[in-house]
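This structure is a prediction, so every number in the text was calculated from the model and none was measured. Computed from heavy atoms alone, side chains included, the values below leave out hydrogens, waters and symmetry copies. Proteins come first, then strands; the chains are lettered A, B, ... in the order of their sequence lines, and each starts at number 1.
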Protein chains: 2
Amino acid sequence: MGRGYGRGQGRGHGWGRQLENSGIRPTAARELVFSVMESTPEHLSAEEVLSEVRKAEPGIGLTTVYRSLELLHRNGLVRKFDFGDGRAVFELNDTLSGKGPHQHLLCRRCGRVQDLTGCLGETLPGSMKECIDREHQFTAEEAVIRIYGLCSDCR
Amino acid sequence: MGRGYGRGQGRGHGWGRQLENSGIRPTAARELVFSVMESTPEHLSAEEVLSEVRKAEPGIGLTTVYRSLELLHRNGLVRKFDFGDGRAVFELNDTLSGKGPHQHLLCRRCGRVQDLTGCLGETLPGSMKECIDREHQFTAEEAVIRIYGLCSDCR
DNA sequence: CTGATAATGAAAATCATTTTCATTTTGTAC
DNA sequence: GTACAAAATGAAAATGATTTTCATTATCAG
Ligand SMILES: [Mn+2]
Ligand SMILES: [Mn+2]
Ligand SMILES: [Zn+2]
Ligand SMILES: [Zn+2]
């Protein structure tokens, strides 16, 4: 029956130019997933994205959410993590969110996940890249860092 | 039938004093799992540990291997990682292996995992702990770092 | 040795993610 | 617009690593 889900407020695609001429179709479902990611500062699981997306369009399936998140992830619009609880979580990439590069602090007691900016939040320092290259003949591109400890509530 | 699996060459438990008076029973299966971990420099999945363990004792079950690895991990004898391929891998803790603290380099192309010592291989520098404490009221205890890039074969 | 308790293994259950496949949308060419 | 081929979707089934269940067996203290 339906004629699709509509496309937000008009004026171009929500996910900007990133995928414009990539041959990837900016479908309504994908734009919804992207807009949920865009408007959420936290880390979301696929199920959580689904329930957000369904507020706007109840017909969307979990499979499509997985596929959309994977698509966005492969194209660098969304980061994907595994914080150790057996499911992936996603968040908007640091450039799009304006947060700047960041890493994560995980509380051992309550499980809270906080963003870490500054300190080790930035990308790998150039000196370390050189060291890794020199000592391991490895071209380091990106570091993913998780720091375990106790959050302010738990210590 | 059987009378247990025997216990190596006698003289005390293979896994040292770590679990001596902990109430945890040093069973033959656990000692076998531990000895496999002790004698393997690489990262092993549970299935891989199983097949090693079964060379000495074919009757051992995968369930017991999972339980033993988890036990060793909870007690700090074994590290546990997820390198992103949907299964956990284990390795002897850095003190027991004599390797010293290390992190991991993951090749984006071929998937090779290399140990990283030196550079960022060490534990979090004290200055960073202080920074994290100051700016996030978070007591950092341990950093887990994965660095993605291209290995010597692939670049 | 005996009994109480913990450990084991086979099979079943979980559960997040992926695959399959019939149906629906999209982008493009009339 | 209309027609078509290609891509996307969703429901249901399949996957696959890990966990749970439960009857049996091993371990330890007395
Ligand atoms: Mn984050
Ligand atoms: Mn290692
Ligand atoms: Zn906490
Ligand atoms: Zn490689």
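- Regarding A:L50, its CG atom lies at a distance of 13 Å from the C1' atom of D:dA11, rounded to whole Å.
- Among residue pairs with one or both ends in residues 124-135 of chain A, those qualifying as side chain to side chain donor-acceptor pair (under 3.5 Å) are A:D133-B:R155; sequence neighbours excluded.
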Protein and nucleotides 5-7 of chain D: nitrogen or oxygen contacts under 3.5 angstrom:
| unit_1 | atom_1 | unit_2 | atom_2 | d |
| --- | --- | --- | --- | --- |
| D:dA7 | O4' | A:R25 | NH1 | 3.0 |
| D:dA7 | O4' | A:R25 | NH2 | 3.4 |

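- Contact between the side-chain N/O atoms of A:T64 and the OP1/OP2 oxygens of D:dG10 is found at a separation under 4.0 Å.
- In this structure, A:L62 places its CG atom 18 Å from P of D:dA14, rounding to the nearest Å.
- Note on the helix from C:dC1-D:dG30 to C:dC30-D:dG1: angle between the axes of the first and last five pairs equals 30°, rounded to 10 degrees.
- Within residues 78-88 of chain B, the residues that have a heavy atom under 4.0 Å from DNA chain D are, in order of number, B:G86, B:R87, B:A88.
- A:R30 places a side-chain N or O within donor-acceptor distance of the main-chain N or O of A:R25, the cut-off being under 3.5 Å.
- As rounded to whole Å, 15 Å separates atom C1' of C:dT26 from atom CG of A:L71.
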Distances under 3.5 Å between protein N/O atoms and the N/O atoms of nucleotides 28-30 of chain C, please, pair by pair.
none

Measure all distances between protein nitrogen or oxygen atoms and nitrogen or oxygen atoms of nucleotides 20-22 of chain C, and list the pairs falling under 3.5 Å.
none

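- A:R67 and A:E70 are not joined by a salt bridge, as no carboxylate oxygen comes within less than 4.0 angstrom of a charged side-chain nitrogen.
- SG atoms of A:C151 and A:C107 are separated by 2.5 angstrom or more, inconsistent with a disulfide link.
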